[in-house]
Amino acid sequence: QVQLVESGGGLVQAGGSLRLSCAASGRTFSSYGMGWFRQAPGKEREFVAAIKWTGGSTYYADSVKGRFTISRDNAKNTVYLQMNSLKPEDTAVYYCAADSIVGFTTRVSDYDYWGQGTQVTVSS
């Protein structure tokens, strides 16, 4: 069982930056693939970024590539999402998720555990 708690969301102006953190409980965190997703009002949850359990492989949605960076610190049981050059269309609730089986995936259905989400609002 893994519990995930996100933090770091807030209100920022367009062009600004935020760093999201996701703290995980559980001794097997280092063996899980981790991902960040987001959901805007009236829209489906969408993939943002994923990182393999080793941290050596990452993958990004085209909409955030070059602006967002996912990373992890297995010693701290934490995964991060550094978000730069934020745009109003990045406004959403951001969720971190853990995948215990596939290990590196963009699909919502592959993730076993989810955090409660943190709101990110980008003003124009």
Side-chain angles (χ1 to χ4, degrees):
Q1 191 79 349
V2 174
Q3 291 186 325
L4 305 172
V5 179
E6 302 98 334
S7 61
L11 174 64
V12 64
Q13 289 188 333
S17 298
L18 282 174
R19 188 195 196 201
L20 304 183
S21 298
C22 174
S25 65
R27 293 178 293 175
T28 57
F29 169 80
S30 61
S31 65
Y32 285 62
M34 298 296 295
W36 285 98
F37 292 77
R38 65 187 182 187
Q39 188 166 17
K43 294 188 177 182
E44 293 187 353
R45 192 167 298 190
E46 66 173 4
F47 168 77
V48 175
I51 187 166
K52 204 171 184 180
W53 69 273
T54 61
S57 297
T58 57
Y59 189 76
Y60 299 91
D62 287 343
S63 58
V64 307
K65 201 173 295 182
R67 300 188 298 123
F68 291 12
T69 303
I70 188 172
S71 61
R72 67 190 297 164
D73 185 338
N74 287 341
K76 295 183 179 179
N77 277 14
T78 302
V79 63
Y80 305 97
L81 186 68
Q82 177 67 44
M83 305 187 295
N84 298 330
S85 302
L86 282 161
K87 304 175 182 180
E89 51 263 46
D90 294 319
T91 295
V93 177
Y94 283 71
Y95 299 89
C96 75
D99 154 39
S100 64
I101 298 176
V102 178
F104 190 50
T105 177
T106 65
R107 297 189 300 187
V108 171
S109 59
D110 285 334
Y111 285 84
D112 311 279
Y113 305 101
W114 293 83
Q116 83 290 347
T118 186
Q119 177 70 47
V120 171
T121 303
V122 184
S123 63
S124 56

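Counting begins at 1 with the first residue of the sequence. From a predicted model like this one, the values you see are computed outputs, not experimental measurements. When reading the values below, keep in mind they use all heavy atoms of this one structure, side chains included, and skip hydrogens, waters and symmetry mates.
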Run the salt-bridge test on Arg107 and Asp99 with the 4.0 Å N-O cut-off and return the result as yes or no.
no
Would a hydrophobic clustering, with Ile, Leu, Val, Met, Phe, Trp and Tyr connected at side-chain separations under 4.5 Å, put Ile51 with Tyr113?
yes
If you measure from the Lys or Arg side-chain nitrogens to the Asp or Glu carboxylate oxygens, is any gap between Lys65 and Asp62 under 4.0 Å?
yes
Inter-residue atom distance Met34.CE - Ile70.CD1, 0.5 Å rounding:
7.5 Å
Is there any disulfide bond (SG atoms under 2.5 Å apart) pair reaching into residues 65-104, and which pairs are they, with sequence neighbours excluded?
Cys22-Cys96
Atom CD of Gln119 with >12 non-hydrogen neighbours under 6.0 angstrom:
yes
Which residues satisfy the ring-ring contact (aromatic ring centres under 6.0 Å, His included) test with Phe37, sequence neighbours excluded?
Phe47, Tyr111, Trp114
Per salt bridge (Lys or Arg N to Asp or Glu O under 4.0 Å), Arg38 is matched among Glu46, Glu6, Glu44 by Glu46
Non-hydrogen side-chain atoms of Tyr95 and Leu4 separated by less than 4.5 Å:
no
Mark yes when over 12 heavy atoms from residues, nucleotides or ligands other than Lys43 sit less than 6.0 Å from its NZ; otherwise mark no.
no
Out of Gln82, Lys76, Met83, which one pairs with Tyr80 under the side chain to side chain contact (heavy atoms under 4.5 Å, CB included) rule?
Lys76
Same apolar cluster: Val48 and Tyr60, side chain cutoff 4.5 Å
yes
Any chance the side chains of Ser100 and Asp112 put a donor and an acceptor closer than 3.5 Å?
yes
For the residue pair Ser124 and Ala14, what are the closest heavy atoms and their distance?
CA-CB, 4.4 Å
Pair Thr105, Tyr59 - check side chain to side chain contact (heavy atoms under 4.5 Å, CB included), show working.
CA-CA 9 Å; Thr105 177; Tyr59 189 76; over 6 Å; no
